[in-house]
Asks: 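Okay, handing you the structure first.
Per chain, numbering begins at 1; letters A, B, ... match sequence-line order. The shown structure was predicted, so the numbers you read here are calculated from the model rather than taken from an experiment.
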Amino acid sequence: MSVQAETSEEGVYSFAAMEAKWPAIWDELKVFTPLDDGSRERRYVLDMFPYPSGDLHMGHAEAFAMGDVVARYWRQLGYDVLHPIGWDSFGLPAENAAIKHNAHPSEWTYTNIDTQAESFKRYAISVDWSRRLHTSDPEYYRWTQWLFKRFHDRGLAYRKNSPVNWCPKDQTVLANEQVVNGACERCGTIVTKKSLNQWYFKITDYADRLLEDMDQLKGHWPERVLAMQRNWIGRSEGAHVNFVIEAAGEKAEQQLTVFTTRPDTLYGATFFVVAADAPLALELVTPEHAEALSDYREQVKKLSDIDRQSTEREKTGVFTGRYAVNPLTNELLPVWAADYVLADYGTGAIMAVPAHDQRDLDFARAFDLPVRAVLDTGAEDPAVSGVATAGEGTLINSGNLDGLSKAEGIPAAIKILEELGTGEKFVNFRLRDWLLSRQRFWGTPIPIVHCESCGEVPVPDDQLPVRLPDNLRGEALSPKGTSPLAAATDWVNVPCPACGGAARRDTDTMDTFVDSSWYFMRFASPDYTEGPFDPATINDWMPVGQYVGGVEHAILHLLYARFFTKVIHDMGLVEATEPFSRLLNQGQVLNGGKAMSKSLGNGVDLGEQLDKYGVDAVRLTMIFAGPPEDDIDWADVSPSGSAKFLARAWRLGQDVASAPGTDPSTGDAALRSATHRMVHDTKALIDGHKFNVVVARLMELVNATRKVIDTGAGAADPAVREAVEAVAVVLSLFAPYTAEDMWNQLGHPASVVNAGFPAVDASLLVEASVTAVVQIQGKVRDRLEVAPDISDADLEALALASENVKRTLDGRGIRKVIVRAPKLVNIVPA
RNA sequence: GCCCGAGUGGCGGAAUUGGCAGACGCGCUGCACUCAAAAUGCAGUUUCUUCGGGAGUGUGGGUUCGAGUCCCACCUCGGGCACCA
């Protein structure tokens with residue numbers, strides 16, 4: 001079907017005519033540019049900025065429709081709204097396209113950005129285009145480099161040699177957050193391990209604050225995002241316990257620390273395990289066991305992370321020939337090397353308490369090691385049952401700890417260890433430092449020069465930005481395991497900024513998540529040249545009042561952005577300690593129950609939808625489909641239905657026959673009441689993100705108004721004008737073209753954006769009469785039309801007089817009557 | 001295995017503090033307009049019914065005058081984490 005008339009003649013709804021007419025006028029009036037002068041309270045709305053891959057798709061259309069509702073709503077409420085847009089324009093796809101087409105990544109990138117920008121303009125998102133930014137612009141990445149240097153000054157950016165995640169396809173390292181089920185988050189290739197010297201951000205220093213500050217976000221961020229972050233940070237309370245490893249042959253005595261959450265079970269430790277793949281295992285092993293260990297390490301290396309982490313797998317390991325001394329009992333515990341202990345969690349070594357830890361018990365049974373229960377839980381002895389007991393109980397076989405519960409035993413054991421000087425309370429985190437270097441071209445260069453005599457020397461601020469060379473194209477960019485920048489010899493070789501001697505630039509570039517960790521602050525002053533943002537205005541806008549984006553960034557981007565904000569706060573540059581006060585995760589757009597994809601051939605082309613139904617109908621469909629967090633199945637929704645509604649609403653504007661400014665007080669009372677209720681309820685509904693319900697309420701009011709025009713008080717009734725004006729203003733949150741056109745038809749100058757939210761007359765929220773329900777035993781038996789201010793006694797009398805009630809009671813007595821005037825009476829028969 | 005979230009008509013989804021379940025829309029059916037169709041408008045649409053009424057919000061219990069909503073147990077689906085000591 002098509003609701004669009006080819007002409008824009010009077011009286012015919014034509015989305016094409018509106019889309020041609022209004023953008024230039026909005027531009028001229030600068031309606032989306034914040035005043036930024038302090039005359040109004042400021043609010044900041046932000047959609048996660050897009051990556052410029054091709055043109056906009058249905059997913060963008062949904063996300064930006066949601067963010068735009070909030071931006072337009074806040075403008076109607078009279079706030080000075082900052083709603084900017086930019087592009088996350090560094091990244092691999094540009095580079096891959098450049099290799100394929102023998103071009104420079106910037107060509108592909110900026111062409112796509114321009115295409116997307118044009119589509120966004122057509123889509124009428126209410127953003128201030130003058131603040132547009134791109135992270136691949138030197139004026140932007142200059143400040144990314146500047147921030148990197150400040151992190152470096154504070155010891156928060158450092159290099160270390162360590163086993164890292166390596167994606168063989170993309171030929172670059174990955175952060176932990178970018179490995180999903182052992183595969184590259186970007187391309188799905190199974191990730192391998194490599195030992196490399198890489199740059200890291202010390203996000204672990206902020207683990208506690210990242211966790212604690214989530215209290216500020218509770219209730220304002222989706223619970224599942226908070227849960228995922230909590231999980232990822234993985235705070236775990238316990239103790240560090242020091243063990244002496246006895247000398248053996250030429251191997252001298254050593255000290256080893258383990259992390260445990262169960263220091264109360266120390267008396268039950270019967271062996272000791274170190275991560276087989278850690279260097280520690282090689283340090284410990286005696287010559288007699290060295291060959292067995294190295295064979296075992298080879299075997300472990302061959303396993304993929306997925307196989308290795310399977311809990312189904314039989315436990316494996318080898319004895320190292322060494323013994324650890326239990327600090328409480330002086331008992332000797334054999335030290336094993338096994339792959340079930342992870343090298344990069346805790347200290348890479350554990351005390352094994354098989355009776356109370358299933359993994360340790362499985363290992364003990366595989367290698368016939370002793371099992372000693374030290375906590376009586378009432379369950380069968382784990383040595384017999386094969387099931388470790390981890391629950392509550394009473395400590396036994398534990399010296400001074402005997403008789404204590406698990407909860408009492410933990411602090412008691414820590415106290416004993418502290419007195420012996422051989423352990424202490426410790427909080428361990430799962431979170432690792434953020435690996436930020438990438439062996440790829442299209443990213444922010446790391447502003448460091450490596451000098452033989454001076455070491456790592458930061459590039460002086462006045463020499464920033466370190467620009468990417470523009471003479472590398474096509475094949476020269478192909479991934480080869482080291483950064484393509486290394487081949488740009490004239491770029492790489494520079495004098496050392498400190499001593500002037502021959503030196504080399506760092507050839508890695510930064511993870512693109514670095515770029516996106518602070519862009520929201522740059523929007524406050526995108527053209528500022530003296531720093532990353534203007535200190536005079538940053539606190540006027542930060543934090544972002546409403547952030548909108550997909551849940552796929554629940555950990556990655558959102559955790560990094562929170563970390564950056566805290567560090568920048570600590571640098572004294574911003575007051576906010578959290579970047580985003582409220583977060584809305586929009587769902588995905590599916591087709592036929594599945595995500596749209598080329599391989600399934602179920603993609604829906606946004607441009608085609610817009611051509612067919614118009615921008616407003618597509619936006620309205622996105623909003624009306626359901627709660628913003630839910631996925632939208634395009635096969636289940638009806639853009640033609642949305643178009644039909646928009647035309648109906650628009651025709652109301654045509655029909656209004658009273659002059660602008662008409663006093664509504666003499667108008668149809670029922671319609672006035674409906675109008676004011678709609679406006680009143682809209683506020684709470686928008687605040688609760690129930691945009692779909694607002695649309696339903698609009699539909700009701702449009703239907704009611706139609707009825708009044710056609711079969712009631714008529715088009716000249718002032719209540720009709722009042723209703724239609726309210727429809728236009730509220731509709732402007734979802735369907736900007738139609739609303740603007742209606743506003744114009746109603747005789748108002750542009751723009752409806754500045755119309756202001758209609759005032760609510762509280763006296764009109766009460767209806768003339770309400771329907772009271774009469775129940776017997778909770779079942780509805782009658783309905784009564786009563787005055788809204790009827791008393792409980794009067795309502796009860798009316799209810800008892802009802803014929804239906806008398807018949808149903810059929811002579812039975814009444815035990816009790818519950819009255820909730822004016823809505824309900826419930827009669828309980830004897 | 002652990003942690004979140006969710007189960008309501010043919011479909012998407014509504015339902016402040018427990019108080020008329022199914023708002024609004026899609027689809028479908030019928031009617032009007034039309035030579036006809038499209039578009040548009042109007043009416044109907046949880047289900048069973050002996051037309052009095054009965055049943056009904058994943059299942060089974062419970063609290064209450066009254067439960068989609070609160071409590072307990074379970075089932076199913078979605079998501080996250082997972083040999084994390």
Asks: Look at A:Lys823 and B:G19 and indicate whether a side-chain polar atom (N or O) is within less than 4.0 Å of OP1 or OP2.
Replies: no
Asks: Within the structure, does a side-chain N or O atom of A:Arg651 lie under 4.0 Å from either OP1 or OP2 of B:G41?
Replies: yes
Asks: Within the pair A:Lys779 and B:A55, is there a side-chain N or O less than 4.0 Å away from OP1 or OP2?
Replies: yes
Asks: If we call it a pair only when both distances are under 3.5 Å in a Watson-Crick or G-U wobble match, what pairs with B:G1?
Replies: B:C81
Asks: Taking a pair as Watson-Crick or G-U wobble with both distances under 3.5 Å, which nucleotide is matched to B:A38?
Replies: none
Asks: So, OP1 or OP2 of B:G41: does either fall under 4.0 Å of a side-chain N or O from A:Arg648?
Replies: yes
Asks: Is the phosphate of B:A23 approached by A:Asn692 (side-chain N or O, under 4.0 Å from OP1 or OP2)?
Replies: no
Asks: Just name whichever nucleotide pairs with B:G68, Watson-Crick or G-U, keeping both distances under 3.5 Å, else none.
Replies: none
Asks: Do any side-chain nitrogens or oxygens of A:Lys690 fall under 4.0 Å of OP1 or OP2 in B:A15?
Replies: yes
Asks: Is the phosphate of B:A14, meaning OP1 or OP2, less than 4.0 Å from a side-chain N or O of A:Arg697?
Replies: no
Asks: Which nucleotide sits closest to the side chain of A:Arg781: B:G53, B:G19, B:C24?
Replies: B:G53
Asks: Paired with B:A6: which nucleotide, if any, by Watson-Crick or G-U wobble criteria at under 3.5 Å for both distances?
Replies: B:U76
Asks: Now, which nucleotide makes the Watson-Crick or G-U wobble pair with B:C11, with each of the two distances under 3.5 Å?
Replies: B:G25
Asks: At under 4.0 Å, does any side-chain N or O of A:Ser640 touch on OP1 or OP2 of B:C26?
Replies: no
